[in-house]
Each structure stands twice: as C-alpha cells, then as structure tokens.
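Count residues from 1 along the sequence. It should be emphasised that the depicted structure is a prediction, and the values quoted were computed from it without experimental measurement.
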Amino acid sequence: GVCEAIRSCSEHAAYMAMAPIMAARTVPYAQGQGHELQQDFDFFLVVDFEATCQKDARIYPQEIIEFPAVLVDAATGRLESAFRRYIRPKHHPVLTQFCRDLTGIRQEDVDGGVDLGQALRLHDAWLEAATTGVGTKRCGGRLAVVTWGDWDCRTMLEFECRFKGIEKPSYFDRWINLRAPFQAALGGGGRVNLQEAVRAAGLDWEGRLHCELDDARNTARLLVELMLRGVKMSITGSLALPRPHISTCGGSSVTCFCYCGQRVATRGGVVSVPGPMQGKCFFACVNGSRVLLVCSN
C-alpha cells in the first residue's frame with residue numbers, strides 16, 4: 001500500500017539487505033513439491049488495501065478506497081478466486097493527484113464505488129461462495145488472512161471500522177504478516193519491500209505496483225512460493241490487545257490505547273481546520289506514527 005511507497009533507504013542499505021536473500025535463491029524446494037502442502041489452514045485470504053493519501057502529508061481520517069482479496073487453497077497453492085471493490089471515501093471524496101498517480105485509481109472509480117460497510121458485506125458473500133464445498137473436510141475449514149505488513153488489519157481496517165461504527169468479520173482480527181515467514185526463510189531484514197521480496201524469491205513481478213489487486217496477487221504468489229519451500233504458516237498478529245478507551249474531550253484523565261496497541265501518551269488537541277473533522281479531538285500514539293480520533297466537542 002501507500003506505506004511501502006513512502007519507505008526510503010540508501011542504495012547501500014538496500015544492497016546489504018538484499019544480499020543474503022539473493023544468496024538464498026538457490027535453496028531447493030521442500031521434498032514433496034507437487035503434492036499436498038502441509039498447513040494448518042484450508043484457505044489463505046490475501047488482502048492489500050489502498051487508502052486516500054497525499055504527498056508528504058497525512059490525511060485525517062485516512063479511508064480505504066480499494067478493497068482487493070485473493071483466495072488461496074492452502075493444500076494445493078492454487079489461487080482460487082479474486083475479489084475487488086472500489087470504495088467511495090466519505091471525508092475526502094476527491095482523490096489527490098498524488099494518490100491517482102501512485103495507485104492508478106481514477107476519480108470515477110471511487111465515485112462509482114460502494115461504502116466500506118457494503119464492500120465488507122459483498123466480500124463476505126464472495127468468500128462464502130468461493131469456499132463452499134472446497135476443502136471443508138480439512139482442518140475444519142480454517143481460514144487465515146495474509147498481508148504484507150501489519151498496517152492493513154491492525155491499523156487501517158480496524159481504525160476506519162471503529163471510527164465509522166462499521167461491524168467487520170472477525171476473521172480480520174488476526175492475520176499472517178508474510179514479512180515474518182519471508183524473513184525467517186530468506187532473511188533480509190525489515191527494509192525489504194514486497195516487490196523486492198517477490199524478486200528475491202525468484203519470481204517476476206506481475207502487474208502494476210500499487211494496483212492493490214496486483215499487489216495482493218503477487219503477495220499470494222510469494223505465499224505459495226514460501227509454502228513450496230517448506231515454510232509452515234502461522235498467525236503473527238491479532239487484535240487481542242487492550243481496546244481503545246473512548247472518552248469525551250472534557251473528561252478526566254484516562255488510559256487510552258491506539259489501534260496499534262501502543263499506549264497513548266498525551267492528548268493531542270482539537271482539529272480546527274474547517275471540514276468534516278472540525279471539532280474532533282485526537283490523541284497521539286506514543287510511537288508517533290498514528291493518530292486516533294476519539295470524540296466530538
């Protein structure tokens with residue numbers, strides 16, 4: 001997503017990060033390639049959201065504008081089905097030029113899109129149809145969401161659903177951050193982005209970078225490649241953390257938590273810029289990377 005676009009490092013740092021991975025490309029696949037893969041899940045649901053953005057600044061609140069998903073059969077590695085819906089943002093309905101150029105999403109795409117709640121319902125119906133009668137005898141029909149990074153489920157979807165009062169399916173509350181098994185299998189550290197990881201695994205990148213359906217498909221291909229190498233997938237992240245405490249602006253001091261799970265240190269202030277967020281209070285996360293909007297005056 002956008003987070004990958006704004007990542008920066010020197011050429012030397014990138015080379016040092018990639019060197020051990022490139023050396024590992026010759027590692028043979030696990031024995032039994034071509035046979036059923038041994039995983040604890042029936043299906044992997046690969047998601048990669050795109051959200052509103054602007055160059056060198058943050059948008060509050062950030063909203064999902066592209067909702068793609070790719071369903072992978074965990075036993076065979078087959079990409080069974082794909083889903084995509086464009087989502088019409090409510091608070092910043094006009095995309096910035098930077099956002100359009102980065103993602104390839106047109107203004108007419110989001111203008112003709114659905115709201116997030118409807119997208120979630122459509123996705124749930126698609127997922128049920130796509131998994132019906134397939135692999136239901138294996139492991140009780142278990143499903144795991146897969147992402148590249150924790151942003152999609154821990155931050156973006158969780159924040160927007162809570163902020164807008166939207167109920168989301170519980171399977172989004174835990175996920176596999178594919179970066180973790182990739183690093184365990186091939187190394188490279190936290191500086192490796194998705195495109196570098198795909199190439200380091202010996203695969204060619206397919207499609208347009210930051211077209212999130214293409215990103216999700218490439219993440220799915222990387223997932224299958226790691227499974228073929230014998231990597232056992234397990235849950236790496238969940239929302240089993242202290243829930244955010246919602247408080248009024250004039251209330252007494254309370255203990256608050258950001259959606260990333262970090263304790264909120266201090267109250268940040270009130271949005272004064274005219275617009276739909278004017279009058280909202282916000283609290284700054286202690287890691288400095290997120291802002292949680294919590295109440296109205």
Side-chain angles (χ1 to χ4, degrees), residues 1-7 47-69 82-126 147 149 151-169 172 207-216 244 246 249 258-260 268-285 289-297:
V2 174
C3 294
E4 296 293 340
I6 59 177
R7 188 185 306 277
V47 298
D48 195 328
F49 302 125
E50 191 59 85
T52 51
C53 56
Q54 60 186 8
K55 187 175 182 180
D56 300 326
R58 294 178 182 174
I59 288 182
Y60 303 120
Q62 198 172 27
E63 297 172 277
I64 295 171
I65 54 176
E66 184 185 358
F67 187 142
F83 170 92
R84 176 165 68 179
R85 287 293 184 276
Y86 290 110
I87 299 177
R88 183 174 58 254
K90 176 181 179 181
H91 295 282
H92 299 279
V94 179
L95 302 182
T96 64
Q97 185 66 49
F98 172 78
C99 186
R100 296 196 303 271
D101 292 343
L102 176 70
T103 66
I105 298 174
R106 303 168 301 173
Q107 184 64 44
E108 51 264 39
D109 292 330
V110 294
D111 287 345
V114 298
D115 62 39
L116 179 58
Q118 186 177 357
L120 284 165
R121 291 189 293 272
L122 291 169
H123 174 270
D124 212 31
W126 162 79
T147 62
W151 176 86
D152 298 272
C153 291
R154 185 183 297 285
T155 304
M156 190 62 241
L157 183 62
E158 173 73 354
F159 167 77
E160 187 171 353
C161 285
R162 283 188 169 271
F163 181 72
K164 294 181 175 179
I166 297 171
E167 184 176 355
K168 63 180 172 65
F172 283 116
R208 184 190 191 281
L209 186 63
H210 298 301
C211 165
E212 296 310 295
L213 181 56
D214 288 342
D215 286 4
I246 307 302
C249 295
C258 178
Y259 292 109
C260 69
V270 178
V271 178
S272 59
V273 177
M277 302 311 298
Q278 187 173 18
K280 295 284 186 179
C281 292
F282 64 88
F283 290 79
C285 174
S289 63
R290 301 172 179 86
V291 167
L292 170 60
L293 297 161
V294 296
C295 62
S296 299
N297 276 342

Flag, side chain of Q107 to backbone of P93, donor-acceptor distance under 3.5 Å: yes

query: Can you list every pair that meets salt bridge (Lys or Arg N to Asp or Glu O under 4.0 Å) and has a residue in residues 108-119, with sequence neighbours left out?
result: R106-E108, R106-D109

field: Geometric class of the F172/F67 ring pair [parallel <30°, tilted 30-60°, perpendicular >60°]
entry: perpendicular

task: Fit a plane to each ring of W126 and F83, take the angle between them on a 0 to 90° scale, and name the class: parallel (under 30°), tilted (30 to 60°) or perpendicular (over 60°).
output: tilted

task: Might you point out which heavy atoms bring C99 and A51 nearest each other, and give the distance in Å?
output: SG-O, 4.1 Å

- line: Closest heavy-atom pair, C211 versus R84, reported as atoms and distance to 0.1 Å, is SG-NH1, 3.5 Å

- request: For D214 and G207, work out which heavy atoms get closest and say how close.
  value: OD2-CA, 3.4 Å

Side-chain donor or acceptor of E63 paired with backbone N/O of E160 under 3.5 Å: no

- prompt: Rounded to the nearest 0.5 Å, what separation is found between the CG atom of L95 and the CD1 atom of I65?
  reply: 5.0 Å

message: Checking the side chain of H92 only, and the main-chain atoms of Y60 only, is there a donor and an acceptor separated by less than 3.5 Å?
response: yes

query: What's the shortest heavy-atom distance between F98 and K55, and which atoms?
result: CD2-N, 3.5 Å

message: For a quick test of reading the model, state the closest non-hydrogen atom pair linking L120 to K168 and the distance between them.
response: CD1-CB, 4.0 Å

- prompt: Are R121 and Q118 linked by a side-chain donor-acceptor pair shorter than 3.5 Å?
  reply: no

Check: H91 and K164 side chains under 4.5 Å, non-hydrogen atoms: yes

message: Would you compute the distance between atom CG of D152 and atom OG1 of T147 and round it to the nearest 0.5 angstrom?
response: 5.5 Å

- prompt: Considering all heavy atoms of both residues, which atom of R88 and which atom of V110 are nearest to each other, and what is their separation?
  reply: CB-O, 3.2 Å

message: Taking C153's backbone N and O only, do any of them form a donor-acceptor pair with E158's side chain (distance below 3.5 Å, no angle check)?
response: no

- prompt: Under 4.5 Å between any side-chain heavy atoms of C161 and L116, yes or no?
  reply: yes

task: Working to the nearest 0.5 Å, report the span between OH of Y86 and CD1 of I105.
output: 5.5 Å

